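Reviewing the structure listed below.
By convention in this document, chain letters (A, B, ...) are assigned in the order of the sequence lines, proteins followed by strands, and residues within each chain are numbered from 1. Here the structure is a predicted model, which means the values were calculated and not measured. Keep in mind that the numbers below use all heavy atoms, side chains included, and drop hydrogens, waters and symmetry copies.
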Protein chains: 2
Amino acid sequence: MRESGSKATQIHTHQPSGKTKLDRRTILEAGADFIDQHGVRELSMRRLGAALGVEAMSLYRHVPSRENLLDGIVELIMDQLYGDPEVYLEPRNGWQDYLFRLAHGLRRMALAHPRIFPLVATRPPEAPWVRPPLRSLRWIDSFLGALTSSGFRPEAAVAAYRAFSSFLLGHLLLEVAALGAEIGPVETDDGQAQETGDLSEYPQVLQLQDLLSEDRSADEFEESLENLLERLGTLIR
Amino acid sequence: MRESGSKATQIHTHQPSGKTKLDRRTILEAGADFIDQHGVRELSMRRLGAALGVEAMSLYRHVPSRENLLDGIVELIMDQLYGDPEVYLEPRNGWQDYLFRLAHGLRRMALAHPRIFPLVATRPPEAPWVRPPLRSLRWIDSFLGALTSSGFRPEAAVAAYRAFSSFLLGHLLLEVAALGAEIGPVETDDGQAQETGDLSEYPQVLQLQDLLSEDRSADEFEESLENLLERLGTLIR
DNA sequence: ACCTGAACACCGTTCAAGT
DNA sequence: ACCTGAACACCGTTCAAGT
């Protein structure tokens, strides 16, 4: 009956049986699990309560609303980045190594939680200049510090922060979207499960379909990141 | 009582008084208007019905579900790109001019409908290789044709399509998010209206706050696009 | 042929009541 | 102190009934 050390910081499956003490953290973890398995659309307060073996209304003792719950889940997932041993808060081998590790850490996070990442990308941030996917002040501070301490002028560091955010957001969102299409149509109970129809009107698409369907996302990520780092290098002076 | 030529292809405000014939197109336009004004979260079938001066259940005669309605709205907005006189379906002054115009056309669309663009970005596409924000087969075909006819090998054209999509998605999503933050907190009835708290733990952020708050999105777009076009140029052979 | 009323199975959220 | 039952005001969607 006893569960093994249940304070693990990673996301783990919560069975209805595991009647832990029900604090905010437990609820957020269960919520993240739920979205990983069934998608955001399926997540209701009642169902999440049921998953925790508790009446839905009990959640409101620890979480003020469903909106706040979603924000909390995004924050929880972002916090996993601190636990990633490959990612440093301070640069150790120059700013390129720092950015390289940060980018790959974020990519691992996105691929580990493909159904949560769209939330990371689209939930309104707490300030307009806090840009997804680097949604936490602590990481933004770390980012800017790493660059200014490496010789970037303030303007250049901020420009780098913006270019970095937009590159990661675009690439990772497309990558998890492609992944989501493979995972499950549970999210979409309607028309978009439609097969790709008649392509005869689209000769280019028809002819290049094999190339289009190929998955080159890992290589693309590497190449685009390398290009970005080079470009950012020109900002130093 | 008579309205001026009401077949206009642009989005226009539908008052409850304007009892048009209620077909799918009318419903989609009213839906787009509604989202522009109140955000997706506020859009319910009942409220959209009311906005059209009709009982909510009547909508189901023309639209199979709310999900399908949202997809239809995205499609409607994307179709506006065909009406943009600055954007060409066929290249007229080389592939760079073609891509430049296409990118700017998409940006105009995103900025005209900042609350709809996140839907363009995140709705599951009809095939995994159909990437937002270029969500239509017709545009993808146009894109690939423009590049192959300009000397891009098939692999290079596809690589360009991917890089172009990811650049636009990242940049435009961040741009409309920043815009949305300025527009209205109607979307967010909860905690995220919080003011930016104590920044004393984040010295870099504190020091660079003015730079961070500056809006440089138009310049950034131009510069990043130019850089992208240069990079794509190296793919020709 | 097109719209509607009533109904069903859900929601998020509140609050007095229970233990 | 923490959880619950019942209730409120909403949802999306179905379908027999109205015109």
Side-chain angles (χ1 to χ4, degrees), chain A residues 14-32 34-35 38-74 119 123-124 185-193, chain B residues 14-28 30-32 34-35 37-74 119 123-124 185-193:
Chain A
H14 295 261
Q15 309 92 318
S17 47
K19 278 217 174 188
T20 29
K21 249 321 174 352
L22 200 61
D23 54 359
R24 178 174 167 93
R25 168 112 201 167
T26 312
I27 293 174
L28 294 184
E29 285 175 359
F34 195 101
I35 299 179
H38 309 107
V40 213
R41 293 250 321 279
E42 301 295 314
L43 176 66
S44 75
M45 299 301 274
R46 282 165 160 95
R47 289 212 262 247
L48 181 56
L52 281 162
V54 94
E55 226 54 28
M57 298 69 190
S58 313
L59 302 178
Y60 286 93
R61 189 73 34 177
H62 307 97
V63 163
S65 69
R66 183 177 187 270
E67 291 303 300
N68 180 286
L69 171 72
L70 294 180
D71 286 334
I73 291 172
V74 166
L119 290 184
R123 290 249 110 203
V186 172
E187 191 80 1
T188 133
D189 43 3
D190 201 7
Q192 59 261 46
Chain B
H14 294 262
Q15 309 94 315
S17 48
K19 278 215 174 188
T20 28
K21 252 320 176 352
L22 199 62
D23 54 359
R24 178 174 167 93
R25 168 112 202 167
T26 311
I27 294 175
L28 295 183
F34 194 101
I35 299 180
Q37 290 173 36
H38 309 108
V40 212
R41 292 251 319 282
E42 301 293 314
L43 176 66
S44 74
M45 299 300 274
R46 281 165 160 96
R47 289 211 262 247
L48 181 56
L52 281 162
V54 95
E55 226 54 31
M57 297 70 189
S58 314
L59 303 177
Y60 286 94
R61 189 75 31 180
H62 308 97
V63 163
S65 70
R66 184 177 187 269
E67 291 303 300
N68 180 286
L69 171 72
L70 294 180
D71 286 334
I73 291 171
V74 166
L119 291 183
R123 290 250 108 201
V186 173
E187 190 80 1
T188 133
D189 44 3
D190 200 7
Q192 58 259 47

(request) Go through the steps to decide whether E29(A) and R24(A) satisfy the test salt bridge (Lys or Arg N to Asp or Glu O under 4.0 Å), and finish with yes or no. (result) CA-CA 9 Å; E29(A) 285 175 359; R24(A) 178 174 167 93; over 6 Å; no
(request) With side-chain contact (heavy atoms from CB on, under 4.5 Å) as the test, would you mind laying out the steps for L48(A) and L69(A) before giving the verdict? (result) CA-CA 11 Å; L48(A) 181 56; L69(A) 171 72; 3.7 Å; yes
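Taking both residues in full, the closest heavy atoms of V40(A) and I35(A) are given as N-CG2, 3.8 Å, listed atom of the first, atom of the second, then distance.
Looking at T26(B) and D23(B), their side chains do bring a donor and an acceptor atom within 3.5 Å of each other.
Contact check, R61(B) against dC3(C): no side-chain N or O comes under 4.0 Å of OP1 or OP2.
Rounded to whole Å, the distance from CE on M45(B) to C1' on dC10(C) is 16 Å. Between the C1' atom of dG12(D) and the CG atom of L48(B) lies a distance of 13 Å, rounded to the nearest Å. Between the P atom of dG12(C) and the OH atom of Y60(A) lies a distance of 6 Å, rounded to the nearest Å. Rounded to an integer number of Å, the gap from E42(B) CD to dC10(D) C1' is 12 Å. Here dT4(C) presents its P atom at 11 Å from NE2 of H62(B), a figure rounded to the nearest Å. Distance, R41(B) CZ to dC11(D) P: 12 Å, rounded to whole Å. In this entry the distance linking CZ of R47(B) with C1' of dC11(D) reads 10 Å, nearest Å. Computed from coordinates, the L52(B) CG to dT4(C) C1' distance equals 16 Å when rounded to whole Å.
In this structure, of dC11(D), dC11(C), dG12(C), it is dC11(D) that holds the atom nearest to the side chain of S44(B). For L22(A), the side-chain atoms get nearest to dC3(D) when compared with the rest of dT13(C), dC3(D), dC11(D). Comparing dA7(C), dT4(D), dG12(C) against the side chain of R46(B) picks out dA7(C) as the nearest. Taking every side-chain heavy atom of M57(B) into account, dT4(C) is the closest of dG5(D), dT4(C), dG12(D). Closest to the side chain of S58(A), from the set dT4(D), dG5(C), dT13(C), is dT4(D).
Scored by the salt bridge (Lys or Arg N to Asp or Glu O under 4.0 Å) test, R61(A) finds no partners at all (sequence neighbours excluded).
No donor-acceptor distance shorter than 3.5 angstrom exists from the side chain of H62(A) to the backbone of I27(A), with no hydrogens or angles considered.
Toward the 5′ end of DNA chain C lies the nearest nucleotide of L59(B), the other residue of the pair A56(A) and L59(B) mapping further downstream.
Each side chain to side chain donor-acceptor pair (under 3.5 Å) pair with one or both residues in residues 46-58 of chain A, not counting sequence neighbours, appears once here: E42(A)-R47(A).
Taking a pair as Watson-Crick or G-U with both hydrogen-bonding distances under 3.5 Å, the stems of three or more pairs touching DNA chain D are C:4-8 with D:12-16, C:12-16 with D:4-8.
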